[in-house]
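All of these numbers come straight from a predicted model, not from anything done at the bench.
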Amino acid sequence: MPRRYDPERRQRIIDAAIRVVGEKGIAGLSHRSVAAEADVPLGSTTYHFATLDELLVAALRQANEGFARVVAAHPALADPHADLAGELARVLGEWLGGDRGGVELEYELYLAALRRPALRPVAAEWAEGVAGLLSRRTDAVTARALVALMDGICLQVLLTDVPYDEEYARGVLARVIG
């Protein structure tokens, strides 16, 4: 039987992995669960991703694009006359106020790096990428501190179910900016 040409299969597998993690968490991820979700043969998942860590790296890399896209899409962040703290607080509010399931999924994949060392470079890429975007407006050390603070604010909102407070975020971000 000739092999079916399916150039989108790898991407469908990554998308399926993201959906599986979103529904069942990292613990529910397996080649079998992803194959079923993507409606592909089990061998396709292992062909494209020999290990679950390889699949998680691809999923995390794709999920990481969400917040970086939100930051990059705000032209005021590049405007030297705009209130950087206010703009960042607004960006966080938009991100956290959007699809909460998507934000939780991004953090679940991001925090999986605690137990899966293969994910750590991708998590670091995310932090470095956002810091790179912010360093257009501030020095590199402050940009990294802003990323850490925004990470902390997001985690607190997600873990405590306390509503996001944009004024609080603007105030603490302004303190870091100086």
Side-chain angles (χ1 to χ4, degrees), residues 4-74 88-134 144 146-165 169:
R4 193 173 111 205
Y5 179 66
D6 188 357
E8 302 300 318
R9 184 172 289 192
R10 184 178 193 283
Q11 184 59 52
R12 283 200 331 273
I13 291 169
I14 295 168
D15 293 342
I18 289 171
R19 287 192 303 274
V20 168
V21 171
E23 293 169 12
K24 301 176 183 175
I26 297 284
L29 187 75
S30 68
H31 281 288
R32 189 173 305 284
S33 64
V34 171
E37 179 68 26
D39 194 26
V40 299
L42 178 60
S44 287
T45 64
T46 57
Y47 172 79
H48 289 284
F49 304 98
T51 66
L52 284 179
D53 279 352
E54 286 179 22
L55 181 54
L56 280 169
V57 163
L60 178 57
R61 193 163 269 129
Q62 182 169 310
N64 279 350
E65 295 170 359
F67 185 69
R69 238 187 343 264
V70 170
V71 172
H74 277 73
L88 289 174
R90 186 173 303 114
V91 166
L92 284 178
E94 289 172 13
W95 192 59
L96 290 167
D99 173 24
R100 184 174 173 110
V103 175
E104 289 174 353
L105 169 70
E106 286 185 48
Y107 267 98
E108 182 162 4
L109 288 166
Y110 179 62
L111 293 172
L114 291 170
R115 300 272 185 227
R116 295 178 179 262
L119 298 178
R120 291 180 186 161
V122 182
E125 283 173 18
W126 173 85
E128 291 166 10
V130 175
L133 290 170
L134 296 177
R144 288 180 59 211
L146 290 170
V147 170
L149 178 57
M150 291 186 301
D151 235 355
I153 290 170
C154 290
L155 280 170
Q156 287 177 359
V157 168
L158 292 171
L159 296 174
T160 64
D161 286 328
V162 171
Y164 175 69
D165 183 343

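- In terms of the salt bridge (Lys or Arg N to Asp or Glu O under 4.0 Å) criterion, Asp15 has no residue partners (sequence neighbours excluded).
- A distance of 12.0 Å separates CD1 of Ile18 from CD of Glu23, quoted to the nearest 0.5 Å.
- The OH atom of Tyr164 sits 9.5 Å away from atom CD of Glu94, with the distance rounded to the nearest 0.5 Å.
- Between Leu29 and Lys24, every side-chain heavy-atom pair lies at or beyond the 4.5 Å cut-off.
- Partners of Arg116 by salt bridge (Lys or Arg N to Asp or Glu O under 4.0 Å), not counting sequence neighbours, listed by chain and number: Asp53.
- Annotation: side chain of Leu55 is not in contact with side chain of Thr45 (no heavy-atom distance under 4.5 Å).
- Of the possible polar contacts, one joining the Glu54 side chain to the Ala50 backbone as a donor-acceptor pair under 3.5 Å is found.
- Residues passing the ring-ring contact (aromatic ring centres under 6.0 Å, His included) test with Tyr110 are Tyr107, Trp126, sequence neighbours excluded.
- Rounding to the nearest 0.5 Å places OG of Ser33 at 10.0 Å from CG of Leu42.
- Residue Arg19 qualifies as enclosed at atom CZ: its count of foreign heavy atoms under 6.0 Å is above 12.
- Proximity of Ile153 to Asp165: side-chain heavy atoms (C-beta onward) are nowhere separated by under 4.5 Å.
- Under the 4.5 Å side-chain criterion, counting only non-hydrogen atoms from C-beta, Glu104 is in contact with Leu158.
- Looking at Arg61 and Pro121, their side chains never come closer than 4.5 Å, going by heavy atoms from C-beta outward.
- Considering only residues two or more places apart in sequence or on other chains, Asp161 meets the salt bridge (Lys or Arg N to Asp or Glu O under 4.0 Å) condition with Arg100.
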Handout entry: Evaluation steps, side-chain contact (heavy atoms from CB on, under 4.5 Å), between Phe49 and Arg10
Key = CA-CA 9 Å; Phe49 304 98; Arg10 184 178 193 283; 3.4 Å; yes
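- With sequence neighbours excluded, the residues forming a salt bridge (Lys or Arg N to Asp or Glu O under 4.0 Å) with Arg90 are Glu87, listed by chain and number.
- Within the 4.5 Å cutoff, no side-chain heavy atoms of Val157 are placed close to those of Val162.
- Partners of Thr51 under the side chain to side chain donor-acceptor pair (under 3.5 Å) rule, at least two apart in sequence or in another chain, do not exist in this structure.
- Using a 4.5 Å cut-off on side-chain heavy atoms (C-beta onward), Cys154 and Val103 make no contact.
- Side chain of Glu108 to main chain of Ile26: a donor-acceptor pair is present (N/O by atom type, distance under 3.5 Å, no hydrogens or angles).
- Checking each of Val91, Leu155, Leu92 against Met150 for a side-chain contact (heavy atoms from CB on, under 4.5 Å) leaves exactly one that passes, namely Leu92.
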